[in-house]
Amino acid sequence: MPDVALIEALDRLREGYTQRQKLSANLAAALKGTTSALGKASRTMRDYIERGQGAADAAPRALEALAASRLRDEAIDPLQPALRREVKLLTEQATALKDAANALRGEAVDVVKLGHALTALEASKLKDPAVAALLPRLADELDQGQQALGATFGLALRHALAERGITLEGRPPRFEIGPFELAADFVSRAATLSYGKNLVARRVPLSVEAVLKAYDREAKAITGRSENGAEWIRQLYAAWEIVRARRGGGDPRANIVECYYELVLLRQPRAFRFSPSKHSFVDYSRAQFAYDFYEFTGRNKAIYQGLRAFGTSATKSQTDNPERSIWIVNGDSPHAGNYISDVKFDKDE
């Protein structure tokens with residue numbers, strides 16, 4: 001049910017801002033009219049004097065008084081820019097309050113309209129305690145509206161995935177499709193798709209069809225490839241050696257992100273090495289590397305020259321830095337895994 005008290009409070013505030021906006025707009029119009037009237041009076045009086053009509057003695061003195069007047073310089077011109085800004089801010093505030101109230105009037109909250117209105121009110125330069133007091137209630141209404149939409153959308157997506165034998169997990173607005181996470185934003189009507197914590201699709205239209213299409217594309221690109229484990233571990237070893245050599249070669253550990261960068265270069269075709277260009281570059285995403293790393297160091301342990309690759313867990317400071325660690329999924333959930341900071345090759349861990 002609509003929150004009648006909240007809607008009435010929004011309407012009262014909107015009426016107040018609308019009255020303030022009209023008063024400011026009327027004053028701006030009056031000042032603009034005054035400027036125009038003064039200019040017109042000066043021009044007409046000058047013509048009047050030049051033609052030598054009527055009160056010839058009084059007219060020149062009146063023209064001098066108009067010319068000497070500082071009304072425009074000291075009152076009108078300094079005030080008009082401030083009034084224009086005030087009218088704009090008051091209009092935006094009144095519109096946001098109106099949109100917020102309208103978004104709450106229906107049987108279901110219009111989360112798109114309410115989301116935009118809430119963002120506008122939070123960003124407003126008009127710091128009004130009365131408006132600020134309503135923001136938490138509006139945020140709560142928005143959250144409840146998104147939860148309701150999420151439940152409806154999640155039910156449709158769950159049924160669509162169930163037909164494929166896939167179970168949808170998680171709670172709106174975050175859903176789990178195996179190792180993939182779908183984060184829905186009903187205000188922007190879009191979602192992001194990640195493999196573990198590695199973003200793979202930045203903007204997916206919020207429809208079941210679009211989500212399934214994005215999931216199919218990314219699942220095929222990441223988990224649906226046929227990678228040669230022996231060749232992959234050989235390339236990882238070469239990348240590991242390059243990184244270690246660059247750092248002096250004394251430490252058996254090498255940063256996993258640096259190893260990933262070197263591995264990307266090692267996977268490039270001869271055409272790219274001879275003449276690097278975006279046309280000859282073969283993409284190897286961070287998510288693909290994360291999948292392969294667990295595949296050939298965890299699930300199916302590949303051996304190179306009698307050595308295995310191991311990943312060492314990242315510290316808290318490293319997990320916050322995407323240049324120092326990578327999230328490696330090791331289960332059937334995007335949250336089943338850990339951040340790895342370094343790679344080392346050894347006979348045993």
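By convention here, the first residue in the shown sequence is residue 1.
- Applying the ring-ring contact (aromatic ring centres under 6.0 Å, His included) criterion to Phe186, with sequence neighbours excluded, gives no partner residue.
- Residues passing the ring-ring contact (aromatic ring centres under 6.0 Å, His included) test with Tyr261, sequence neighbours excluded: none.
- Residue Leu104 forms a side chain to side chain contact (heavy atoms under 4.5 Å, CB included) with just one option from Leu142, Asp110, Leu138, and that option is Leu138.
- Applying the salt bridge (Lys or Arg N to Asp or Glu O under 4.0 Å) test to pairs two or more places apart or on separate chains, those with a residue in residues 224-239 are Arg225-Glu227, Arg225-Asp292, Glu227-Arg267, Glu231-Arg234.
- Between the Glu169 side chain and the Gly178 main chain, no donor and acceptor come within less than 3.5 Å of each other.
- Using a 30° and 60° split on the angle between ring planes, Tyr260 and Tyr284 fall in the tilted class, from 30° to 60°.
- Using bins of under 30°, 30° to 60° and over 60° for the plane-to-plane angle, the ring pair Phe293/Trp232 lands in the perpendicular bin.
- The salt bridge (Lys or Arg N to Asp or Glu O under 4.0 Å) pairs that include a residue from residues 293-305 are Glu295-Arg299, where partners are two or more places apart or lie in different chains.
- Listed by chain and number, the residues in a ring-ring contact (aromatic ring centres under 6.0 Å, His included) with Tyr195 are Phe180 (sequence neighbours excluded).
- For the salt bridge (Lys or Arg N to Asp or Glu O under 4.0 Å) condition, the pairs that include at least one residue of residues 173-183, sequence neighbours left out, are Arg174-Glu181.
- Note on residues 310-319: pairs passing salt bridge (Lys or Arg N to Asp or Glu O under 4.0 Å), not counting sequence neighbours, are Lys316-Asp320.
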Under 3.5 Å, which donor-acceptor pairs link side chains of residues 322-331 to any protein atom two or more places apart or in another chain?
{"from": "Ser325", "atom 1": "OG", "to": "Gln318", "atom 2": "O", "distance (Å)": "2.8"}
{"from": "Trp327", "atom 1": "NE1", "to": "Pro334", "atom 2": "O", "distance (Å)": "3.1"}
{"from": "Asn330", "atom 1": "OD1", "to": "Gly337", "atom 2": "N", "distance (Å)": "3.3"}

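- Under the salt bridge (Lys or Arg N to Asp or Glu O under 4.0 Å) criterion, Arg270 pairs with no residue at all, not counting sequence neighbours.
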Listed pairs under 3.5 Å, donor-acceptor, residues 22-30 side chains, sequence neighbours left out:
{"from": "Ser24", "atom 1": "OG", "to": "Arg20", "atom 2": "O", "distance (Å)": "3.1"}
{"from": "Ser24", "atom 1": "OG", "to": "Glu86", "atom 2": "OE1", "distance (Å)": "2.5"}
{"from": "Asn26", "atom 1": "ND2", "to": "Lys22", "atom 2": "O", "distance (Å)": "3.2"}

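- Remark: Gln144 pairs with Asp140 by the side-chain contact (heavy atoms from CB on, under 4.5 Å) rule, at least two apart or across chains.
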Scan the side chains in residues 187-194 for donor-acceptor partners under 3.5 Å anywhere in the protein, sequence neighbours excluded, and list what turns up.
{"from": "Ser188", "atom 1": "OG", "to": "Asp185", "atom 2": "O", "distance (Å)": "3.4"}
{"from": "Ser188", "atom 1": "OG", "to": "Asp185", "atom 2": "OD2", "distance (Å)": "3.4"}

